[in-house]
**Q** 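Okay, handing you the structure first.
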Amino acid sequence: KGEPPEGSADSGSRRPDPSAEPLPPLDPAVVQSIRDVLLSGPGACKIGNITSVFTGIKKGQLLQDFVIMRDDSGIGIDVIAVDEESGHKFLASMPPTSAGSAKKKKEKKKPKRSDGD
């Protein structure tokens, strides 16, 4: 008595966590397109640059074909690279600033004074 019918929303059955399901591999043509984009530059870029162009792609899918690195010295962005060497070079070329310190620097800027008034 008091038990909800089987299959109802209150039966305690849960939908599987979508993040727990294995992600489908990327189409080889998409992998090659992403590789072409990366190689048109230094071989690496911010992962957001890729996911904004190739919509619907998940980071987990990229891990199957590319190197993903995290920039922990600055604002903590993820970088996608064709190989570890390219990823390290890209990270080394990034300015070591955080979002907070960049904002503070902007606020501290004083207006230029004109000489000759």
**Q** Do M69 and D78 have side-chain heavy atoms sitting under 4.5 Å apart?
**A**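 No, side chains not in contact.
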**Q** How close do L38 and C45 get, counting heavy atoms only, and between which atoms?
**A** CD2-SG, 3.6 Å
**Q** Could you grab the distance from atom CD1 of I77 to atom CE of M94, nearest 0.5 Å is fine?
**A** 3.5 Å
**Q** Quick one: are L62 and I47 in side-chain contact, heavy atoms under 4.5 Å?
**A**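 Yes; the side chains approach each other to less than 4.5 Å.
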**Q** Backbone N or O of F90 within a donor-acceptor pair of the S93 side chain at under 3.5 Å?
**A** yes
**Q** State whether the side chain of R70 and the backbone N or O of V79 hold a donor-acceptor pair below 3.5 Å, judged by distance alone.
**A** no
**Q** What is the minimum heavy-atom distance between T55 and S52, and which atoms define it?
**A**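 Between these two residues, the closest heavy atoms are CG2-O, 3.7 Å.
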**Q** What pairs of donor and acceptor atoms, side-chain ones from residues 81-88 against any protein atom, are under 3.5 angstrom apart with sequence neighbours left out?
**A**
| unit_1 | atom_1 | unit_2 | atom_2 | d |
| --- | --- | --- | --- | --- |
| D83 | OD1 | E85 | N | 3.3 |
| D83 | OD1 | S86 | N | 2.7 |
| D83 | OD1 | S86 | OG | 2.8 |
| E85 | OE2 | K89 | NZ | 3.2 |

**Q** CZ of R35 to CG of D65: how many Å apart, nearest 0.5 Å?
**A** 7.0 Å
**Q** Within the 4.5 Å heavy-atom criterion, are L26 and I57 side-chain neighbours or not?
**A** yes
**Q** Just so I know, are the side chains of F66 and I50 near enough to count as touching, which here means a heavy-atom distance under 4.5 Å?
**A** no
**Q** Quick one: closest heavy-atom pair of S40 and V37, and the distance?
**A** OG-O, 2.6 Å
**Q** Which value, rounded to the nearest 0.5 Å, describes the distance between I34 atom CD1 and Q61 atom CD?
**A** 9.0 Å
**Q** Between I80 and V53, is there shared hydrophobic-cluster membership here, with clusters defined by ILVMFWY side-chain heavy atoms closer than 4.5 Å?
**A**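 Looking at the clustering, V53 is in the same group as I80.
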**Q** Hydrophobic clusters here meaning ILVMFWY residues chained together by side-chain heavy-atom distances under 4.5 Å, can you tell me if V67 and L39 are in one?
**A**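 Different hydrophobic clusters.
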